[in-house]
Amino acid sequence: MKKVGIVMGSDSDLPVIKKATDQLKKLEIPFEVHVYSAHRTPVEARDFALNARKNGFGVMIAAAGMAAHLAGAIAANTTLPVIGIPCQGSVLDGMDALLSTVQMPSGIPVATVGINNGANAALLAAEILAVSDEALAERLQKKREADTAKVLEKDAGIAERL
Ligand code: RP5
């Protein structure tokens with residue numbers, strides 16, 4: 001099975017990445033995690049992206065805050081799909097990272113999830129891999145059904161909470 005390549009700009013982004021790896025573990029998807037920064041370790045970030053396809057990765061996740069160029073820098077060096085997670089944490093509360101991650105020029109796409117939304121990044125990565133993996137598609141379907149059941153359970157109990 002193809003792996004998910006995960007990069008974070010700093011270990012201060014780890015709580016966001018943990019939300020992604022928790023989901024990947026539940027879905028039994030292999031992954032590899034690195035701390036590489038577009039600005040502080042540009043060579044390592046570039047090499048990871050350049051070699052990702054031949055190293056068995058199927059999709060990449062990149063999380064960064066502030067002037068968040070990491071997802072774009074990864075996308076510039078691979079044609080694998082790249083999912084960007086803008087991280088909160090600066091005085092601009094993540095809006096800086098959101099705009100830096102989402103506003104890519106035509107030709108180099110980054111699929112950007114919400115600020116700090118590591119879980120959605122993992123689920124989108126899973127959906128991409130599930131295009132060619134029936135067993136994973138089934139695990140995703142089961143998760144959807146379980147999530148639906150949880151909401152319906154809350155619906156059934158909501159009147160008692162008022
Ligand atoms: C970004 O700057 C990182 O992704 C992180 O979100 C932010 C702050 O990094 P640290 O100063 O905490 O290392 O590059």
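Start at 1 and go down the list; that is how both ligands and their atoms are numbered.
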Practice task
Check each heavy atom of Arg40 against ligand 1 and say whether those closer than 4.0 Å belong to the side chain, the backbone, both or neither.
Solution key: side chain
Exercise for the section: Under 4.0 Å, heavy atoms only, figure out whether ligand 1 is touched by the backbone of Ser12, its side chain, both or neither. Expected result: side chain
Among protein heavy atoms, which lies nearest [atom], and at what distance?
atom	answer
atom 7 (C) of ligand 1	Met66 SD, 4.0 Å
atom 13 (O) of ligand 1	Ser10 OG, 2.6 Å
atom 6 (O) of ligand 1	Asp13 OD1, 2.6 Å
atom 14 (O) of ligand 1	Gly65 O, 4.1 Å

Handout entry: Thr79-Arg53 side chain donor-acceptor pair, cut-off 3.5 Å
Key = yes
Handout entry: Salt-bridge criterion met for Arg144 and Glu127 (N-O under 4.0 Å)
Key = yes
Problem - Residues Lys18, Asp22: salt bridge by 4.0 Å N-O rule - result: yes
Fill in the blank from the handout: ligand 1 atoms nearer than 4.0 angstrom to some heavy atom of Gly9 are 3 (C), 4 (O)
Fill in the blank from the handout: The atoms of ligand 1 lying under 4.0 Å from a heavy atom of Ala64, numbered in the order shown, are 4 (O)
Exercise for the section: Would you kindly check if the NZ (Lys) or CZ (Arg) of Lys3 is within the cone defined by 45 degrees around the ring axis of Phe31 and under 6.0 Å from the six-membered ring centre? Expected result: no
Practice task
Taking the side chain as every heavy atom from C-beta outward, state whether Val16 and Asn117 have any atom pair closer than 4.5 Å.
Solution key: no
Problem - Donor-acceptor contact below 3.5 Å, side chain Asn116 vs main chain Gln88 - result: yes
